[in-house]
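Before any comments, here is the structure.
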Amino acid sequence: MSHALHLPDGFVWGAATAAFQIEGATHTDGRTDSIWDTFCRVPGAVAHGDTGEVACDHYHRWPQDLDLLSELGLGAYRLSTAWPRVLPEPGRVEQRGLDFYSRLVDGLLERGITPWVTLYHWDLPQWMEDRGGWTSRDVVGHFADYTTAVHGALGDRVKHWITLNEPWCSAFLGYKGGQHAPGRQEPQAAVSAVHHLLLAHGAAVRVLRTDPTATVGITLNMTVADPADPGSAEDAAAAYRVDGQQNRVFAEPLFTGEYPQDVVEAFASAGTHLPVQDGDLEAIAAPLDFLGLNYYQGCAISARPAPPDELMPGEPPLARATSVPAVGQGEAYTVSRGLPRTAMDWEVQPDGLRRLLERVHTDWTGPAGIPLYVTENGAAFDDVVGPDGQVDDVERTAYIAEHLAAVGRAVEAGADVRGYFAWSLLDNFEWAYGYEKRFGIVHVDFETLARTPKASARLFASAAATGTVPLADAVRA
Ligand code: IFM
């Protein structure tokens with residue numbers, strides 16, 4: 001190993017999952033449908049017609065999964081609670097759902113692992129969607145009730161809370177692009193969802209602040225949007241627009257109590273508006289204890305579509321139309337800049353993580369005096385199970401090492417980054433891609449449900465044990 005980089009003492013090393021992606025048991029112990037159960041039944045919505053009915057069967061196999069975390073020596077586990085398990089109907093708390101999470105939390109603490117609980121990782125109860133979902137202001141009160149129920153059951157033992165995971169996906173993929181549940185393609189619905197998600201976050205913070213021992217944050221999936229041609233003013237403007245609707249529209253109200261004016265104007269140009277009422281922005285800007293960032297890829301943004309010779313074989317010319325289903329902004333296209341890509345066709349750009357952490361620290365969290373955590377990072381690759389049953393996932397191993405090194409460099413540059421959670425502990429239900437895309441550091445055989453740690457899990461365990469990140473050339477060698 002040529003040389004290595006150290007992360008500070010006290011750095012949190014963890015792995016992350018989400019309820020719908022791993023639990024299965026979708027109708028056990030009183031759970032009712034979430035929007036994803038419904039979406040899975042829409043022909044063509046999810047690859048191969050996959051569903052969350054069994055997933056990794058974590059609902060029954062959780063002790064084994066917690067043992068895996070223990071064996072990997074990880075000190076923290078980020079899980080999410082399923083709203084329709086806890087409130088299967090409006091106003092009816094399901095004790096059996098809460099008991100499941102209570103057992104899980106006890107199991108973690110018995111193993112010396114700190115639970116980090118995300119309240120909303122995309123599994124909105126179908127009953128709430130039937131009442132308008134995130135487009136309805138009523139969702140805010142229901143989310144506060146749900147937060148009260150989960151905190152009431154777990155708050156004596158859980159101290160780390162994340163209100164929402166990646167609200168950009170919930171709003172723009174769920175209500176504008178339609179690739180995610182509930183599959184709606186309505187610009188006003190997406191813009192209303194942005195505001196109600198943030199407002200629900202603020203309401204959850206208020207509930208959690210009744211507990212002085214709670215540490216509270218939110219997780220955003222911010223991107224690093226570079227102009228494809230650094231010399232082009234048009235590309236720079238397109239990149240700024242992408243930054244607006246993916247990053248600033250969430251970060252600015254959270255940290256400054258105002259929506260960015262250029263984004264408000266872009267929404268207005270499409271005849272849409274953020275349904276802001278008096279007092280909302282103060283509620284959204286309630287002080288936080290940390291910000292979670294999920295980072296997977298950067299993007300090169302062009303004001304024009306990629307020329308045909310830059311497209312993948314067979315890719316239609318507009319296939320690289322921006323991956324950001326934005327509302328009312330000028331055109332922006334993601335283009336390839338020749339970097340390696342994952343099985344998701346996402347570019348591998350570890351330095352983007354360093355730049356993102358430094359930028360967010362400088363612009364928002366540093367001035368607020370709060371730390372950052374990388375609450376997800378990882379990659380899907382087409383894993384090959386060897387004849388010995390082992391998975392030597394060289395590319396994922398290098399990806400994780402390179403991104404950990406990027407975190408280390410951001411820390412050296414002064415960004416206050418205090419932890420990293422690998423996405424994901426297990427191969428799992430990758431939303432519209434079903435079980436086709438594997439992000440786990442632990443392989444799951446979806447026939448037998450056997451779990452096998454991959455080489456990347458061993459690398460991550462060793463980094464966690466030593467606080468040291470091997471540099472990627474050493475990993476690939
Ligand atoms: O699997 C998802 C996760 O649920 C949210 N963040 C991105 C991951 C990979 O797509």
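Every number for a ligand or one of its atoms is a count from 1 in the order of the listing. As a basis for the values below, the full set of heavy atoms in this structure was taken, side chains included, without hydrogen atoms, waters or symmetry mates.
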> Any nitrogen or oxygen of Asn294, main chain or side chain, under 3.5 Å from a nitrogen or oxygen of ligand 1?
Replying inline: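 No, since none of the N or O atoms of Asn294 sits under 3.5 Å from an N or O of ligand 1.
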> N/O to N/O below 3.5 Å, does that happen between Trp122 and ligand 1?
Replying inline: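 No, since none of the N or O atoms of Trp122 sits under 3.5 Å from an N or O of ligand 1.
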Lys/Arg N to Asp/Glu carboxylate O, [X] vs [Y], below 4.0 Å:
| X | Y | value |
| --- | --- | --- |
| Arg111 | Asp67 | yes |
| Arg438 | Glu430 | no |
| Arg355 | Asp226 | yes |
| Arg41 | Asp33 | yes |
| Lys454 | Asp392 | no |
| Arg418 | Asp416 | yes |
| Asp351 | Arg354 | yes |
| Glu376 | Arg78 | yes |

Would you call [X] a ligand 1 contact, heavy-atom distance under 4.0 Å?
| X | result |
| --- | --- |
| Lys437 | no |
| Asn165 | yes |
| Trp346 | yes |

Nearest-neighbour protein heavy atom for [atom], which is reported as residue plus atom name and distance:
| atom | value |
| --- | --- |
| atom 5 (C) of ligand 1 | Glu376 OE1, 3.2 Å |
| atom 8 (C) of ligand 1 | Tyr296 OH, 3.4 Å |
| atom 1 (O) of ligand 1 | Glu430 OE1, 2.6 Å |

Short list, please: which atoms of ligand 1 are under 4.0 Å from a heavy atom of [X]?
| X | answer |
| --- | --- |
| Glu166 | 5 (C), 6 (N), 7 (C) |
| Phe439 | 9 (C), 10 (O) |
| His121 | 3 (C), 4 (O), 5 (C) |

> Should the proximity of Asn428 to ligand 1, defined as any heavy atom under 4.0 Å, be assigned to the side chain, the backbone, both, or neither?
Replying inline: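 For Asn428, no heavy atom sits under 4.0 Å from ligand 1.
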